[in-house]
Asker: 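Dropping the structure in here first, questions after.
All ligand and atom numbering here is 1-based and tracks the order in the structure.
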Amino acid sequence: MEKREELYRGKAKSVYKTDDADRLVLLFRNDTSAFDGKRIEQLDRKGMVNNKFNAFIMQKLEAAGVPTQFDKLLSDNECLVKKLDMIPVECVVRNYAAGSLVKRLGVEEGMKLNPYTFELFLKDDAKGDPFINESHVVAFGWGTAEQLARMKELSLKVNEVLGKLFDDAGLLLVDFKLEFGVFSDGSIVLGDEFSPDGCRLWDKDTKKKMDKDRFRQGLGDVIEAYEEVAQRLGVPL
Ligand code: ADP
Ligand code: UDP
């Protein structure tokens, strides 16, 4: 496999073409952004930690029957993935109230959601990633009803698998965001990343925040918390 030119530079990762039309290289950078890219800082080791964290989680999900983009780790900061035609919709599953749900509905942070909730946001920083519903996805052609049904099915499967994984590590999976894409064979595949940048994880006993909210809320020790989560899960760093 040969790494070729940069295809896209996002807020936290850079995406490169390869000599295989069906494969891309994802490079995890140390850039850390919040508030739709309005605040960006460099955090030492973040690229490495998130790359290895993501590899570990994607392999667990694949083993549990969730089709993922992950192919293999290439270096501390890079992995090889399936090239997907990304669906510009963020799927968010919540088990406890936090973040934008608390702001939107005025409910108490930490309230148990029974059952979990499933929400959709349009991936569009310029518009502030607006909240949308399933009919918008189909009406505006971001995805078909069948693709959406599969994305929801897979999101709930991810919640089941990872809820247990984190619980065993003494952590509550509060909420998380997933992005899906269409592979060359037409199937829906989990893309982007799963790391503490895109989910909320609280210590079960102390409720300490162990995710990107430490950055958003200026709590400090951001990467130290990511590393502790990785260590509790047994992610080799
Ligand atoms: P953002 O675009 O939100 O700033 P990143 O910095 O993480 O995010 O950039 C990664 C970009 O690569 C995102 O736009 C994401 O949708 C896209 N992407 C992630 N995985 C794949 C994939 N397997 N195939 C194609 N594009 C992908
Ligand atoms: N999330 C994300 N990227 C986004 C928006 C949200 O990874 O562009 C994640 C976020 O980290 C959290 C979950 O999705 O785990 C739900 O986020 P929420 O809607 O509460 O928004 P926030 O307040 O985090 O912006």
Side-chain angles (χ1 to χ4, degrees), residues 6-18 20-40 46-47 50-51 54 58 67-71 77-105 107 109 113 116-132 142 155 158-159 162 166 172-184 187-202 209-217 222 226:
E6 187 178 273
L7 186 64
Y8 177 76
R9 184 180 165 89
K11 296 186 294 297
K13 300 190 290 299
S14 301
V15 182
Y16 297 87
K17 286 188 176 177
T18 70
D20 179 342
D22 270 342
R23 291 288 182 279
L24 296 173
V25 171
L26 293 187
L27 168 77
F28 288 70
R29 307 194 312 272
N30 287 343
D31 294 325
T32 312
S33 72
F35 314 116
D36 297 320
K38 288 185 200 82
R39 183 169 149 221
I40 298 181
K46 196 192 77 143
N50 278 2
N51 182 38
N54 175 63
M58 290 271 172
T68 77
Q69 63 179 1
F70 187 77
D71 190 336
N77 292 54
E78 296 166 302
C79 65
L80 189 68
V81 299
K82 293 190 181 89
K83 179 179 188 208
L84 305 177
D85 191 4
M86 296 303 288
I87 293 181
V89 169
E90 302 184 334
C91 297
V92 171
V93 179
R94 301 180 194 268
N95 297 302
Y96 296 86
S100 71
L101 182 71
V102 166
K103 277 203 203 111
R104 204 162 57 236
L105 301 183
V107 296
E109 185 182 64
L113 301 170
Y116 51 75
T117 63
F118 178 72
E119 298 172 359
L120 299 169
F121 296 84
L122 178 64
K123 192 174 155 64
D124 186 335
D125 282 335
K127 295 188 176 70
D129 288 354
F131 189 48
I132 54 170
W142 297 315
S155 297
V158 168
N159 193 37
L162 296 188
F166 287 114
L172 291 180
L173 177 57
V174 172
D175 59 31
F176 60 88
K177 180 267 300 177
L178 301 176
E179 293 179 28
F180 293 91
V182 184
F183 190 46
S184 55
S187 62
I188 289 285
V189 172
L190 177 62
D192 202 46
E193 71 179 271
F194 192 102
S195 75
D197 269 5
C199 67
R200 288 191 169 92
L201 298 165
W202 296 349
K209 295 177 178 174
M210 310 285 284
D211 53 69
K212 197 168 157 183
D213 271 351
R214 299 200 70 78
F215 177 73
R216 294 189 190 97
Q217 300 174 7
V222 180
Y226 288 23

Asker: In the protein, which heavy atom is nearest to atom 8 (O) of ligand 2, and how far is it?
Answerer: Asp129 OD2, 3.0 Å

Asker: I'd like to check which ligand 2 atoms, numbered from 1 as shown, lie under 4.0 Å from a non-hydrogen atom of Cys199.
Answerer: 11 (O), 15 (O)

Asker: Suppose I only count heavy atoms of Gly99 and a 4.0 Å limit; which atoms of ligand 2 are within that range?
Answerer: 20 (O), 23 (O)

Asker: Flag Lys83 as yes when one of its N or O atoms lies below 3.5 Å from any N or O atom of ligand 1, and as no otherwise.
Answerer: no

Asker: What residue and heavy atom of the protein are closest to atom 12 (O) of ligand 1, and at what distance?
Answerer: Val15 CG2, 3.4 Å

Asker: Give yes if a backbone or side-chain nitrogen or oxygen of Glu179 is under 3.5 Å from a nitrogen or oxygen of ligand 1, and no if not.
Answerer: yes

Asker: Is Asp192 close to Lys177 at the side-chain level, that is, under 4.5 Å between some pair of heavy atoms?
Answerer: yes

Asker: Are any non-hydrogen side-chain atoms of Asn50 and Pro196 less than 4.5 angstrom apart?
Answerer: yes

Asker: For the residue pair Arg216 and Phe35, would you count it as a cation-pi contact if the rule is NZ or CZ under 6.0 angstrom from the ring centre and within 45 degrees of the ring axis?
Answerer: no

Asker: What protein heavy atom is closest to atom 9 (C) of ligand 2, reported as residue, atom name and distance in Å?
Answerer: Lys177 CB, 3.5 Å

Asker: Which residue supplies the protein heavy atom nearest to atom 20 (N) of ligand 1, what is that atom called, and how far is it?
Answerer: Asp192 N, 3.1 Å

Asker: Out of Glu179, Arg104, Arg216, Lys212, who gets a non-hydrogen atom closest to atom 11 (O) of ligand 2?
Answerer: Arg216

Asker: Name the residue from Leu113, Leu172, Leu173 that meets the side chain to side chain contact (heavy atoms under 4.5 Å, CB included) definition with Tyr96.
Answerer: Leu172

Asker: Give yes or no for whether the N/O distance cutoff of 3.5 Å, strictly under, is met between Glu193 and ligand 1.
Answerer: no

Asker: To check your reading of the model: name the closest protein heavy atom to atom 9 (O) of ligand 1, its residue, and the distance in Å.
Answerer: Gly10 CA, 3.6 Å

Asker: Ignoring angles and geometry beyond distance, decide whether Met86 reaches within less than 3.5 Å of ligand 1 through its nitrogen or oxygen atoms.
Answerer: no

Asker: Does Lys123 come within less than 4.0 angstrom of ligand 1, counting non-hydrogen atoms of the residue?
Answerer: yes

Asker: Among all protein heavy atoms, pick out the one at the shortest distance from atom 24 (O) of ligand 2; state its residue, atom name and that distance to 0.1 Å.
Answerer: Arg200 NH2, 2.8 Å

Asker: Do any N/O atoms on Gly191 end up under 3.5 angstrom from N/O atoms on ligand 1?
Answerer: no

Asker: For ligand 1, is any non-hydrogen atom under 4.0 Å from Val189's backbone (N, CA, C, O), its side chain (CB onward), both, or neither?
Answerer: neither

Asker: Is there a protein heavy atom less than 4.0 Å away from atom 1 (N) of ligand 2?
Answerer: yes

Asker: Could you find the nearest protein heavy atom to atom 14 (O) of ligand 1 and give me its residue, atom name and distance?
Answerer: Tyr8 CE2, 3.3 Å

Asker: Which one of Leu80, Asp125, Leu84 has a non-hydrogen atom at the shortest distance from atom 24 (N) of ligand 1?
Answerer: Leu84

Asker: Is it the case that Arg39 places NZ or CZ above or below the six-membered ring of Phe215, under 6.0 angstrom from the centre and within 45 degrees of the axis?
Answerer: yes

Asker: May I ask you to check if ligand 2 and Arg94 share an N or O to N or O distance below 3.5 Å?
Answerer: yes

Asker: Which protein heavy atom lies closest to atom 7 (O) of ligand 1, and at what distance to 0.1 Å?
Answerer: Lys13 NZ, 2.5 Å

Asker: Nearest to atom 13 (C) of ligand 2, what protein heavy atom do you find, and at what distance?
Answerer: Asp175 OD1, 3.5 Å

Asker: Do the side chain of Arg29 and the main chain of Gly10 share a donor and acceptor less than 3.5 angstrom apart?
Answerer: yes

Asker: Which of the atoms of ligand 1 are close to Val81, meaning less than 4.0 Å from one of its heavy atoms?
Answerer: 23 (N)

Asker: Just to be sure I read this right, does ligand 1 sit under 4.0 Å from the backbone of Lys11, its side chain, both, or neither, counting only heavy atoms?
Answerer: both

Asker: Among protein heavy atoms, which lies nearest atom 20 (O) of ligand 2, and at what distance?
Answerer: Ser100 N, 2.8 Å

Asker: Should Asp197 be listed as contacting ligand 2, given a heavy-atom distance under 4.0 Å as the test?
Answerer: yes

Asker: Is it the case that more than 12 heavy atoms not belonging to Tyr16 sit under 6.0 Å from its OH atom?
Answerer: yes

